[in-house]
Protein chains: 2
Amino acid sequence: MPVAVDLVVLTVTEGSLHVLLVERALAPDKGLLALPGGFLLAHENLADAARRELCEETGITPPGHLEQLRSYGPLNRDPRGPVLSVAYLLFAPTFATPQAGGDAAAVQWHKVEDLAGPNATTRLAFDHDQILADGIERARAKIEYSPLAAAFCPPEFTIAELRSVYEAVWGCRLDPRNFHRKATKTVGFLETTGKMSAEGVGRPAALYRLAEGISPNAAILDPPLSRPRKSQ
Amino acid sequence: MPVAVDLVVLTVTEGSLHVLLVERALAPDKGLLALPGGFLLAHENLADAARRELCEETGITPPGHLEQLRSYGPLNRDPRGPVLSVAYLLFAPTFATPQAGGDAAAVQWHKVEDLAGPNATTRLAFDHDQILADGIERARAKIEYSPLAAAFCPPEFTIAELRSVYEAVWGCRLDPRNFHRKATKTVGFLETTGKMSAEGVGRPAALYRLAEGISPNAAILDPPLSRPRKSQ
DNA sequence: AAAATAGTGTCTATGAGACAATATAGG
DNA sequence: CCTATATTGTCTCATAGACACTATTTT
């Protein structure tokens with residue numbers, strides 16, 4: 001059984017959630033947008049294949065946090081026949097614009113708004129719409145009770161930058177004052193650097209980093225940074 | 001690449017969480033306890049393979065709720081070579097004692113306490129200890145914000161039965177009075193049947209069922225039936 | 001000074017959890 | 001009667017969210 005690995009690579013730029021897509025250089029679905037990915041090699045583990053494929057198609061060695069999303073198929077998802085796909089999710093800070101390579105004719109960040117949800121305008125190759133939707137849902141759920149939102153930020157960041165990540169991923173506005181209190185008072189989340197941000201207008205903001213010794217993966221925020229329950 | 005499907009089949013009996021294990025009839029790891037499972041056939045989807053393997057090895061057509069857990073490998077988990085395993089999780093009501101068949105020499109329910117956590121006494125075959133641990137963790141997290149705990153109960157059940165499920169899965173005692181209020185007042189969770197339970201001593205309890213039109217999978221309890229945060 | 005953003009304090013509504021009190025069964 | 005379990009009610013504490021207010025910068 002051929003086994004593929006596909007990646008949902010998410011980042012936050014310009015106030016909204018973006019996903020890294022490639023334009024397929026080969027049939028099937030040549031010319032369509034798709035998640036980066038490819039076939040698992042013999043003697044390779046899943047996560048290693050995910051990193052290798054991302055690097056081959058985009059020239060990027062993934063920073064951020066990589067985790068398994070779920071597996072799909074193998075039937076009715078690739079016209080060539082049964083292919084089992086194991087999807088991975090990468091929480092990435094915005095890094096250098098990627099370089100197309102491998103099976104990819106072009107690589108670009110795309111606004112998630114245009115691809116998933118009610119206002120979607122573009123169709124992805126294979127069953128990648130479903131995989132993307134699952135990845136977004138996972139990201140939305142996970143930043144609530146884990147420190148993973150910080151994986152979208154540079155190593156040192158302001159509370160406002162962190163808040164804009166939550167706002168982009170959840171697609172809603174958060175009260176800056178309540179968010180500030182919540183984020184800074186949640187134990188085991190942030191650590192002050194002592195430095196101040198010099199950017200922009202208004203009072204300078206303190207710079208924070210992830211708390212020492214936090215693996216963004218395992219740590220659990222308790223209580224969680226609660227996502228608003230009702231429409232705001 | 002050979003692809004296997006393994007199942008973590010959980011149920012609640014006698015006040016504690018149990019998992020269905022087979023004794024391997026064949027090498028490798030012959031004689032060891034293992035999760036039921038086997039190889040994916042050509043032209044078969046993952047969830048279908050999970051159901052088929054469970055039926056072959058235990059004679060059971062799974063009631064309850066089946067969901068994908070995650071994938072493992074393919075390296076360093078089977079002495080025969082690389083095998084990708086996709087694990088599934090089944091929330092099962094206690095049903096008829098299973099019948100061994102296929103690759104299984106014996107099939108039995110085992111107390112999860114004896115297998116996972118600090119007091120574990122038995123080792124499972126392959127990497128099934130890890131898979132079991134992940135399945136238990138998923139179950140513990142999921143019954144908090146989904147109606148899935150009811151999948152461990154018969155179609156009609158009392159609040160006390162439902163509470164004992166939560167207590168078994170979470171491994172802690174819950175206040176019967178607070179639990180009763182919480183469970184019955186959570187919208188979209190339970191529905192009264194009008195019938196009463198005749199069992200046991202004390203005042204008879206009302207029988208409930210899952211609310212109409214709930215797919216236990218998709219529904220989200222809001223607010224969740226919160227798991228106690230601190231040790232009780 | 002005005003505008004903008006950072007950060008703190010305060011109030012209210014809601015839910016979790018402790019626990020009193022009542023209801024209904026069997027012995 | 002007593003005991004056991006079901007079910008309801010009440011109280012307290014903690015947290016989410018609304019929002020007034022102060023602090024510090026740029027224009």
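Every chain is numbered from 1, with letters handed out A, B, ... down the list of sequences.
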If only side-chain N and O atoms of [X] are considered, is one of them under 4.0 Å from the OP1 or OP2 phosphate oxygen of [N]?
X      : N      : value
A/S226 : D/dG17 : yes
B/H180 : D/dA6  : no
B/T184 : D/dA6  : no

- B/R177 side chain, from C-beta outward: closest of D/dA20, D/dG9, C/dA20: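 The answer is C/dA20.
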Rounding to a whole Å, what distance do you find between [X]:[atom1] and [N]:[atom2]?
X      : N      : atom1 : atom2 : result
B/L221 : C/dG15 : CG    : C1'   : 15 Å
A/M196 : D/dT24 : CE    : P     : 9 Å
A/L225 : D/dG17 : CG    : P     : 11 Å
B/N178 : D/dT12 : CG    : P     : 15 Å
B/F179 : C/dG17 : CZ    : P     : 12 Å
B/L174 : C/dC19 : CG    : P     : 16 Å
B/R181 : D/dT5  : CZ    : P     : 20 Å
B/D175 : D/dG9  : CG    : P     : 16 Å

Are the side chain of [X] and the backbone of [Y] linked by a donor-acceptor contact shorter than 3.5 Å?
X      : Y      : answer
B/E156 : B/Y208 : no
A/D175 : A/N178 : yes
B/Y166 : B/I143 : yes
B/W170 : B/R140 : yes
B/H128 : B/L35  : yes
B/T158 : B/E161 : yes

- Item | B/F91 and B/L66, any side-chain heavy atoms less than 4.5 Å apart | no
- Name every residue in residues 146-163 of chain B that has at least one heavy atom under 4.0 Å from any atom of DNA chain D, in order of residue number, or write none if there are no such residues. B/A160, B/R163
- Which residues within residues 200-209 of chain B lie with some heavy atom under 4.0 Å of an atom in DNA chain D?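 Going residue by residue through residues 200-209 of chain B, the ones with a heavy atom under 4.0 Å of DNA chain D turn out to be B/V201, B/G202, B/R203, B/P204, B/A205, B/A206.
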- Message: Quick check on B/E137: does its CD atom have over 12 non-hydrogen neighbours (other residues, nucleotides or ligands) under 6.0 Å away?
- Response: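 Counting other residues, nucleotides and ligands, CD of B/E137 stays at 12 neighbours or fewer.
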- Determine, for B/F179 and B/R177, whether the Lys NZ or Arg CZ falls below 6.0 Å from the six-membered ring centre while staying within 45 degrees of the axis.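 So B/R177 doesn't make the cation-pi contact.
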